[in-house]
Participant: 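Okay, here's the structure, questions in a sec.
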Amino acid sequence: MLQKKVCMIGEFATGKTSLVSQFVHSIFSEKYQTTVGVKIDKKEIEINNKKVNLILWDLHGEDEFQKLRLSYLRGSSGFLLVADGTRSHTLRKAVDLKERVEKEVGKIPFILMLNKWDLQEEWEIEESEVNKLLANAWTVIKSSAKSGLGVEEAFQTLTLKILEE
Amino acid sequence: MYNSPDFISVRLINFLIEKRSLAYLIVDKNGYLSTWGGKLSVYGLKNLDKSKLAQKQIYFLTGLLPLGSESIYIPCLKISHGICADLYLFPSDIGDWILLLDVTEHYKCIVSLQQMVNEKALIDQNNHNIT
């Protein structure tokens, strides 16, 4: 069976850990729990009759004290870039992180997740910003770790992109 | 090369074994485990098999091996049962060495501080948006 390493990347409190928890365990917790270092998880999925074991590296969110450690990225086949739709600056951070990741590991498949879609009334990210990214051939998926919206789709789509490489 | 008195070296090694659950593995250049030792069960690593690829048995190694000429340090890797390990990977002629040290206690101290810092940052961002 194929085994692929996938990293979760984004600013702190964008919901990376909750997305993994929803995807792997179908569990969501309202309580915010920060990640220090990296949490490893795995899940087997099937794409086009091919079984793939995803090894998920849930990296700590970047902030003033914890900067992205490039050694965590080694050997990644793809990554999920996560922004919090209710905090517009997390999208700019995601764009910046994407550039830094590509400097380290080269161009590998990725997907941008605009998370917390269950909080639509607090949404800050403008459609025009998203459209610019779409115009640059980014794949963008709105998600909610709480409801599960877009979660399976994001991991499946990323895996498909990885397999097409 | 720095030479410490034997007394210090022995104390240090005993400390690492007892307090940091020192464990090691060697993975050959074909990706198979060639030897292992130390307190591997602390990290949930049991029933290792030389005839199976290392990354199929120790899934966090996926993508990390084989090493080139450089060593790698991966801090604070939360692998199983709440255990947090620092991972050191070194290349050698006989294969790639993987060293695990338990840093769970250190992790617990940092995580509570980081939690406070992040919660405060979220409150500040929220207040900034309101004003």
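Residue numbers begin at 1 in each chain, while the letters A, B, ... track the order of the sequences. Values in this document were obtained by computation on a predicted structure and should not be read as measured data. Scope of the values below: all heavy atoms of this structure, side chains included, with no hydrogens, waters or symmetry mates.
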Participant: In terms of heavy-atom contacts, does CG of A:Asn136 have more than 12 from other residues, nucleotides or ligands at under 6.0 Å?
Facilitator: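 Buried by this count: over 12 neighbours within 6.0 Å.
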Participant: Taking atom NZ of B:Lys29 as the centre, does the number of heavy atoms from other residues, nucleotides or ligands within less than 6.0 Å exceed 12?
Facilitator: yes
Participant: What is the distance from atom CZ of A:Phe12 to atom CD of B:Glu119, rounded to the nearest 0.5 Å?
Facilitator: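 The CD atom of B:Glu119 is 10.5 Å from CZ of A:Phe12, to the nearest 0.5 Å.
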Participant: Is B:Val27 reachable from B:Trp97 through a run of hydrophobic residues whose side-chain heavy atoms are each under 4.5 Å from the next?
Facilitator: no
Participant: Report the distance from atom CG of A:Asn53 to atom NZ of B:Lys56, rounding to the nearest 0.5 Å.
Facilitator: 7.0 Å
Participant: Considering only heavy atoms, which portion of A:Glu11 lies under 4.5 Å from any heavy atom of chain B: side chain, backbone, both, or neither?
Facilitator: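 Only the side chain of A:Glu11 comes within 4.5 Å of chain B.
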Participant: Let me know if B:Leu53 has heavy atoms under 4.5 Å from chain A in its side chain, its backbone, both or neither.
Facilitator: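 For B:Leu53, no heavy atom lies under 4.5 Å from chain A.
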Participant: More than 12 non-hydrogen atoms from neighbouring residues, nucleotides or ligands closer than 6.0 Å to CD on B:Gln125, yes or no?
Facilitator: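 Yes, enclosed.
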Participant: Which value, rounded to the nearest 0.5 Å, describes the distance between A:Thr34 atom OG1 and B:Gln115 atom CD?
Facilitator: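 If I round to the nearest 0.5 Å, the distance is 6.0 Å.
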Participant: Would you say A:Leu97 and A:Leu91 are hydrophobically clustered, going by side-chain heavy atoms of ILVMFWY under 4.5 Å?
Facilitator: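 A:Leu97 clusters together with A:Leu91.
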Participant: So which part of A:His60 gets closer than 4.5 Å to some heavy atom of chain B, the side chain, the backbone, both or neither?
Facilitator: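 Contact with chain B: none, neither part.
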Participant: Short question: side chain of A:Tyr72, backbone of B:Pro75 - any donor-acceptor pair under 3.5 Å?
Facilitator: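 Confirmed, A:Tyr72 side chain pairs with B:Pro75 backbone.
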Participant: If you count the non-hydrogen atoms of other residues, nucleotides and ligands that lie under 6.0 Å from NZ in A:Lys67, is the total more than 12?
Facilitator: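 Atom NZ in A:Lys67 is packed in, count exceeds 12.
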Participant: Hey, does the side chain of A:Lys5 reach the backbone of B:Phe60 with a donor-acceptor pair shorter than 3.5 angstrom?
Facilitator: no
Participant: Could you state the interatomic distance from CD (B:Gln55) to CD1 (A:Ile55), rounded to the nearest 0.5 Å?
Facilitator: 8.0 Å
Participant: Between A:Val24 and A:Leu80, is there a shared hydrophobic cluster once you connect ILVMFWY residues whose side-chain heavy atoms come closer than 4.5 Å?
Facilitator: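 A:Val24 clusters together with A:Leu80.
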Participant: Does A:Arg74 reach the side chain of B:Leu89, with side-chain heavy atoms less than 4.5 Å apart?
Facilitator: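 They are not in contact (no side-chain heavy atoms under 4.5 Å apart), so the answer is no.
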Participant: Can you list the steps and then say if B:Lys78 with A:Thr35 is a side chain to side chain contact (heavy atoms under 4.5 Å, CB included)?
Facilitator: CA-CA 10 Å; B:Lys78 208 170 171 197; A:Thr35 302; over 6 Å; no
Participant: At a heavy-atom separation under 4.5 Å, does B:Ile79 approach chain A through its side chain, its backbone, both, or neither?
Facilitator: both
Participant: So which residue, A:Thr86, A:Asp58, A:Ile40, A:Leu56, ends up with the most heavy-atom pairs under 4.5 Å with chain B?
Facilitator: A:Ile40
Participant: In terms of side-chain heavy atoms, does A:Gln3 have a donor or acceptor partner in B:Thr62 at a distance below 3.5 Å?
Facilitator: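 Yes, side-chain donor-acceptor contact under 3.5 Å.
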Participant: With a 4.5 Å limit on heavy-atom distance, are the side chains of B:Ile74 and A:Arg69 in contact?
Facilitator: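 The answer is no, as the side chains (C-beta and beyond) never meet within the 4.5 Å cut-off.
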